[in-house]
Amino acid sequence: MSTEKAGDIFHRARGRTLDAFSAEEEREWKGPFYFIQGADPQFGLMKAWSTGDCDNGGDEWGQEIRLTEQAVEAINKLNPKPKFFVLCGDLIHAMPGTAWRKEQTEDLQRVLREVDRDIPLVFVSGNHDVGNIPTTETVMEFCRTWGDDYFSFWVGGVLFLVLNSQFFYDASKCPALKQAQDQWLEQQLHAAGQQRCRHAIVFQHIPLFLQRIDEDDDYFNLTKSVRKEMADKFTRAGIKAVFSGHYHRNAGGVYQNLDMVVSSAIGCQLGEDTHGLRVVVVTAEEIVHRYYSLDELSEKGIDNDLMDLLKEK
């Protein structure tokens, strides 16, 4: 399936917003709702990881296809339907310009095409999607294939911000793109800080931190100076939560009033967690989330206590 056809199906973000939702209609709080967060389907990593060659391996991704198909089937069975399904980066394993990238992309698009048409998909860029050190060319390729690399949208009175976290990691090859996102983000955070929304939530691939704001720098988090700067900006603007992936394990912590949520992968696990998805319920007062294995979500659906939150007025 061509990327152009896939894009039409997926309501790709354009003009820094998502056309699946009308900002005018969605700015008002209408009551509790929920969405599904997934991360790192990363077609090709399981084979590469098993062979110990993550740079050059990844010539098979049948396991990831089956796991992502299971995720899609589980989501499609949910009732009521989630407002959207967000994938927090590393959609495929092949880096820009490497072997298997086109094939992995087409197979992922084919699987995601089966998501219920009434459940919009939200795509977040990861390091394998735009490169560890992104360039103008790699970012543009992502935008052509999956939609804007950063944008905002409204759902039920809640403002959602999707960020390209590679700009926070290393934007040395595309400083102008980082500057543009920084300026755009300042405007978005100003609006959030004016309390024009019930909640404000951020999606990005790389976590600010894995457990604590003062933890050591690591491949899987942002550097101390960057994370503190971003976390302070977010808390001043009233951002309630940041959802990310990248770690291939569940983790997270709290900084002031900011919930840093790190979700494990749909695909390759690097710890003891199971392949899974996170259910996120948004009520008038709080954001409640729970990670489910794909088997749990497929067989049992969402727990009753979370379903009860959706009934609150």
Side-chain angles (χ1 to χ4, degrees), residues 34-50 54 58 61-75 78 82 84-93 104 108 111-112 115 121-129 162-163 165-166 169 201-212 215 218-222 227 241-254 258-281 287-303 306:
Y34 81 102
F35 63 87
I36 301 293
Q37 183 218 6
D40 302 272
Q42 204 160 341
F43 281 24
L45 177 58
M46 294 177 79
K47 170 69 179 296
W49 185 260
S50 69
C54 288
W61 49 91
Q63 290 175 283
E64 287 95 336
I65 288 176
R66 289 189 291 273
L67 289 164
T68 308
E69 286 175 340
Q70 185 181 2
V72 170
E73 290 168 3
I75 291 169
L78 295 173
F84 59 87
F85 172 29
V86 57
L87 278 167
C88 281
D90 280 3
L91 307 176
I92 59 173
H93 180 62
Q104 290 173 4
L108 177 58
V111 174
L112 294 179
V115 174
L121 283 152
V122 179
F123 297 110
V124 182
S125 63
N127 57 304
H128 281 261
D129 304 311
V162 173
L163 302 181
S165 57
Q166 290 312 119
Y169 178 80
I201 294 172
V202 168
F203 298 125
Q204 62 186 54
H205 180 62
I206 304 177
L208 298 173
F209 56 89
L210 300 175
Q211 295 176 319
R212 305 181 314 278
E215 68 195 18
D218 186 274
Y219 172 78
F220 292 107
N221 60 20
L222 294 175
R227 87 174 71 122
V242 176
F243 289 88
S244 70
H246 191 50
Y247 193 42
H248 294 254
R249 285 153 284 200
N250 287 310
V254 177
L258 180 70
D259 190 8
M260 179 66 246
V261 185
V262 185
S263 292
S264 197
I266 293 172
C268 187
Q269 301 297 312
L270 302 184
E272 301 302 318
D273 293 299
T274 56
H275 310 281
L277 296 165
R278 190 173 296 275
V279 174
V280 186
V281 178
I287 298 161
V288 182
H289 52 86
R290 187 169 302 159
Y291 187 83
Y292 288 84
S293 74
L294 296 181
D295 288 341
E296 287 175 327
L297 200 60
S298 296
E299 296 167 8
K300 301 178 182 178
I302 300 173
D303 292 327
L306 293 185

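None of these values were measured; they are calculated from a predicted model. All residue numbers refer to positions in the sequence shown, counting from 1.
Looking at S125 and Q166, their side chains never bring a donor and an acceptor atom within 3.5 Å of each other.
Considering all non-hydrogen atoms of both residues, S264 and D273 come closest at OG-CB, 3.8 Å. Listed here is the closest heavy atom pair of I266 and G38: CD1-CA, 4.2 Å. Between Y247 and L210 the shortest heavy-atom distance is CE1-CD1, 3.6 Å. For the residue pair G89 and P41, the shortest heavy atom distance occurs at O-CD, 4.1 Å. Taking each heavy atom of T68 and F43 in turn, the nearest pair found is OG1-CE1, 3.3 Å. Of all non-hydrogen atoms in D218 and F220, the two that sit nearest each other are OD1-N, 2.8 Å.
L208 places a side-chain heavy atom less than 4.5 Å from the side chain of L258. Put simply, the side chain of Q204 reaches to within 4.5 Å of the side chain of L222, judged on heavy atoms. Residues D129 and F123 fail the side-chain proximity criterion, which asks for heavy atoms closer than 4.5 Å. Between V86 and F243, the closest side-chain pair of non-hydrogen atoms is not below 4.5 Å. For the pair S298 and E73, the minimum side-chain heavy-atom distance is 4.5 Å or more. Counting only heavy atoms from C-beta outward, the side chains of C268 and Q63 never approach each other to under 4.5 Å. Between L112 and L121 there is a side-chain heavy-atom pair separated by less than 4.5 Å. With contacts defined as side-chain heavy-atom distances shorter than 4.5 Å, the pair L78/V279 does not qualify.
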Would L297 and I302 satisfy side chain to side chain contact (heavy atoms under 4.5 Å, CB included), going step by step from the backbone distance to the final call? CA-CA 7 Å; L297 200 60; I302 300 173; 4.3 Å; yes
Would D259 and I287 satisfy side chain to side chain contact (heavy atoms under 4.5 Å, CB included), going step by step from the backbone distance to the final call? CA-CA 9 Å; D259 190 8; I287 298 161; over 6 Å; no
Set out, in order, the CA-CA distance, both residues' side-chain angles and the distance that settles side chain to side chain contact (heavy atoms under 4.5 Å, CB included) for I92 and W61, then state yes or no. CA-CA 10 Å; I92 59 173; W61 49 91; over 6 Å; no
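Ring-plane geometry between F84 and F35 is classed as parallel, the angle between the planes falling under 30 degrees on a 0 to 90 degree scale with a further cut at 60. Aromatic ring pairs are classed by plane angle as parallel below 30°, tilted from 30° to 60° and perpendicular above 60°; the pair H246 and Y219 is tilted.
Here the side chain of Q269 pairs a donor or acceptor atom with the backbone of G267 at under 3.5 angstrom. With hydrogens and angles disregarded, no donor-acceptor distance shorter than 3.5 Å links the side chain of R278 to the backbone of A39. Between the E64 side chain and the L45 main chain, a donor and an acceptor come within less than 3.5 Å of each other. Of the possible polar contacts, one joining the S165 side chain to the I206 backbone as a donor-acceptor pair under 3.5 Å is found.
Here the straight-line distance linking atom CZ of R227 with atom CZ of F209 works out to 8.5 Å at 0.5 Å rounding. To the nearest 0.5 Å, the span separating CZ on F85 from CD1 on I75 amounts to 4.0 Å. Rounding to the nearest 0.5 angstrom, the gap separating the CD atom in Q211 from the CG atom in N221 is 10.5 Å. Considering CD1 of I36 and CG of L87, their distance stands at 11.0 Å, rounded to 0.5 Å. Atom CG of residue L277 and atom CG of residue L294 lie 5.5 Å apart, to the nearest 0.5 angstrom.
Residues satisfying the side chain to side chain donor-acceptor pair (under 3.5 Å) test with Q104, not counting sequence neighbours, are none. The side chain to side chain donor-acceptor pair (under 3.5 Å) check on Q42 picks up H93, H128, H248, with sequence neighbours excluded.
Residue pairs meeting the salt bridge (charged side-chain N to carboxylate O under 4.0 Å, His left out) criterion with at least one partner in residues 290-301, sequence neighbours excluded, are R290-D303, R290-D305.
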